[in-house]
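Notes to accompany the following structure.
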Number of protein chains: 2
Amino acid sequence: MISYSQIYPDAQPRSASGIYRRCFALGLDQADIGWLDHAAGCRRRVGRDERLFRMDQPFRNLYAIRFGHFKTYQFNSAGEQQITGFQMAGELLGLDALSGECHQCNAAALEDSEVCEIPFASLELLFAREPELLRRFHRIMGQEITREQDLLLLLGNMRAEQRFAVFLINLSARYAARGYSPTAFQLRMSREDIGNYLGLTIESISRLMSRFKNQGLLKVDKREVTLVQPAALEALAAGTEHCKPMS
Amino acid sequence: MISYSQIYPDAQPRSASGIYRRCFALGLDQADIGWLDHAAGCRRRVGRDERLFRMDQPFRNLYAIRFGHFKTYQFNSAGEQQITGFQMAGELLGLDALSGECHQCNAAALEDSEVCEIPFASLELLFAREPELLRRFHRIMGQEITREQDLLLLLGNMRAEQRFAVFLINLSARYAARGYSPTAFQLRMSREDIGNYLGLTIESISRLMSRFKNQGLLKVDKREVTLVQPAALEALAAGTEHCKPMS
DNA sequence: CGGAGGCTTGAAGCCTTTCAAATTACGTGG
DNA sequence: CCACGTAATTTGAAAGGCTTCAAGCCTCCG
């Protein structure tokens, strides 16, 4: 478990102003930092496995993750879940709800987490006065669309080994952007969640981990992962290399 | 080929006002009709296989399809294309570009088509004065996110036959919403494009078509498709039924 | 008529899933 | 602190579905 002070070592909890600066500083481009400083909002704790919002719940707020990790998922007609994304500190939750009156997916915490609640109605009021704020908001929505398109690319025509490599490299880059080690981090989600997200079974994920481990690409201890050969993993992710099956 | 007058039998070409009403009337909710009436913009013809915009091209306009069909696609690192969507009259192109300075995908016409060019800069000016306009715009962006999430669901955990059924039912619903027959329509895209979109090979698409045809679910004549048993196809799409392999 | 591109069909092979079982973690209560 | 039961993960073997490779057909158009 990660404590608040580890992530925000110099933060003064509850400081009225600058909350959003801190919320967003980690996740967005330099230029996007602080774009929400003007909006008001309160914090909310979400315990592990607890849901931040549910599908079909009326849409009121966006949520900026202060610390912790979340997954978003929906259900198909057969009642099986499909995970559509994993989110970490500094990222925004709830954008899908803009399409209608209700949330279109569920968001659940993967560990004890905290978010900033951003009432969308007050955000809309601000948009009229702050064109720059609106522009940044549109950029974030565009990024969400782009992110999902990348995921389509992944699910559409990558083999299992490439999918998993892309997954690891993506996590690595996001942790790096937040100032954490890009080569050693903890998986906050289960193997099952990873498989679900990548369109693979839990067994396939397990086999891939063993394979990467045996080839010296990875060190794995439970959910603690170390990228031993990041470059080789990137080559796998790019599809320029292949990883031989286990001896 | 479909002519302009077939789609807009009562249209007065070049009528200065109401252009956007016509652009959007087909694709959006009743409530969304005409939300762009205030914006200025000019028309642009795009011939078959011609590109409306390219990846990495600077972002200036959104495009509303007046008539015709488009596909959007990107390239992975190996240079293969992945189609991320097919768009028809009344739908909006270019939203992904909001994430940055440039378009993030390519858009190509599947047949001779026409679009309304909507300069995004002037749209942004309008947003400040028209909160309702902004709200509708956000809804459309949200719909795009939701649409892609649905596609993730499809690619993530559906078998080939279910994917193809979903594809057909989706087309059917969209044509129905535009006042066309939901059970008889022409595929504007090649088998190869369909396969690419669904994460399958062209051979798989061909085999699925033959299978559905032999089971009496479908009539197929080149690209002309008739849904003989729409309900059965919907059951396949929902995953509640399965279609036996060919005898 | 001929050529090119799009489509169909068959057979073989591979990758991933499915099914099954064993192993390892983890939380709870004794 | 240990025992136990449950959940998560690993591993193996077999089956299945989709792809790959190959060949042939159809259709459009010059």
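Quick caveat: nothing in here was measured; it's all calculated off a predicted structure. Lettering follows sequence order; numbering is per chain, from 1.
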Extract from the structure each pairing of a protein N or O with an N or O of nucleotides 12-16 of chain C at less than 3.5 Å, listing the distance.
{"from": "C/dT16", "atom 1": "OP1", "to": "A/Ala160", "atom 2": "N", "distance (Å)": "2.6"}

Roughly, in whole Å, what's the span from [atom1] in [X] to [atom2] in [N]?
{"X": "A/Met209", "N": "C/dT24", "atom1": "CE", "atom2": "P", "answer": "18 Å"}
{"X": "B/Lys213", "N": "C/dT9", "atom1": "NZ", "atom2": "C1'", "answer": "11 Å"}
{"X": "A/Glu111", "N": "C/dC26", "atom1": "CD", "atom2": "P", "answer": "15 Å"}
{"X": "B/Ile205", "N": "C/dG6", "atom1": "CD1", "atom2": "C1'", "answer": "14 Å"}
{"X": "B/Phe164", "N": "C/dT8", "atom1": "CZ", "atom2": "P", "answer": "9 Å"}
{"X": "A/Met189", "N": "D/dA7", "atom1": "CE", "atom2": "C1'", "answer": "19 Å"}
{"X": "A/Glu192", "N": "D/dT10", "atom1": "CD", "atom2": "C1'", "answer": "14 Å"}
{"X": "B/Asp49", "N": "C/dG5", "atom1": "CG", "atom2": "C1'", "answer": "12 Å"}

- Message: For a quick check of understanding: with a heavy-atom distance under 4.0 Å over all strands, which category does A/Arg223 fall into, base, sugar-phosphate or nothing?
- Response: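 Sugar-phosphate, backbone atoms only, no base.
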- Query: When all nucleic acid strands are considered with a 4.0 Å heavy-atom cut-off, which category describes B/Ser190: base, sugar-phosphate, or nothing?
  - Reply: sugar-phosphate
- Message: Check the phosphate of C/dT9 against B/Ser210, side-chain N and O only, distance under 4.0 Å to OP1 or OP2. Yes or no?
- Response: yes
- Message: Applying side-chain hydrogen bond (donor to acceptor under 3.5 Å, both in side chains) as the test, list every pair that has at least one member in residues 147-156 of chain B; sequence neighbours left out.
- Response: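 Every side-chain hydrogen bond (donor to acceptor under 3.5 Å, both in side chains) pair that includes a residue of residues 147-156 of chain B, provided the two are not neighbours, is A/Glu148-B/Gln149, A/Gln149-B/Glu148, B/Glu144-B/Arg147.
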- Message: Tell me whether the count of non-hydrogen atoms from other residues, nucleotides or ligands lying under 6.0 Å of CD in B/Gln229 goes above 12.
- Response: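 Count over threshold, so yes.
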- Message: Roughly what angle, to 10°, lies between the helix axis at the start of the helix from C/dC1-D/dG30 to C/dG30-D/dC1 and the one at its end, five pairs per end?
- Response: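 Answer rounded to 10°: the end axes differ by 40°.
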- Reading nucleotides 21-30 of chain D 5' to 3', which nucleotides get B (base under 4.0 Å from a protein heavy atom), which S (sugar-phosphate only), which -? B------S--
- With sequence neighbours left out, write down each residue that passes side-chain contact (heavy atoms from CB on, under 4.5 Å) with A/Ser113, or none if nothing qualifies.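 If we apply the side-chain contact (heavy atoms from CB on, under 4.5 Å) test to A/Ser113, skipping adjacent residues, the hits are A/Phe70, A/Ala109, A/Glu111.
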- Message: Angle between ring planes, A/His103 versus A/Phe59, binned at 30° and 60°: parallel, tilted or perpendicular?
- Response: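 Perpendicular.
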- Measure up the A/Phe167 and A/Phe164 rings against each other and bin them: parallel (under 30°), tilted (30 to 60°), perpendicular (over 60°). parallel
- Message: Using modelled atom types and a 3.5 Å cut-off, is there a donor and acceptor pairing between side-chain atoms of B/Arg163 and backbone atoms of B/Met158?
- Response: yes
Given [X], which partner from the list [options] fulfils the side-chain hydrogen bond (donor to acceptor under 3.5 Å, both in side chains) test?
{"X": "B/Glu91", "options": "B/Gln143, B/His69, B/Arg174", "value": "B/Arg174"}
{"X": "B/Asn106", "options": "B/Lys71, B/Gln81, B/Arg51, B/Gln57", "value": "B/Arg51"}
{"X": "A/Thr72", "options": "A/Gln104, A/Gln87, A/Gln82", "value": "A/Gln87"}

- Task: Using distance alone, with no hydrogens and no angle criterion, decide if B/Thr84 and B/Gln74 have a side-chain donor and acceptor under 3.5 Å apart.
- Result: no
- Query: Who passes salt bridge (Lys or Arg N to Asp or Glu O under 4.0 Å) against A/Arg44, sequence neighbours left out?
  - Reply: A/Glu117
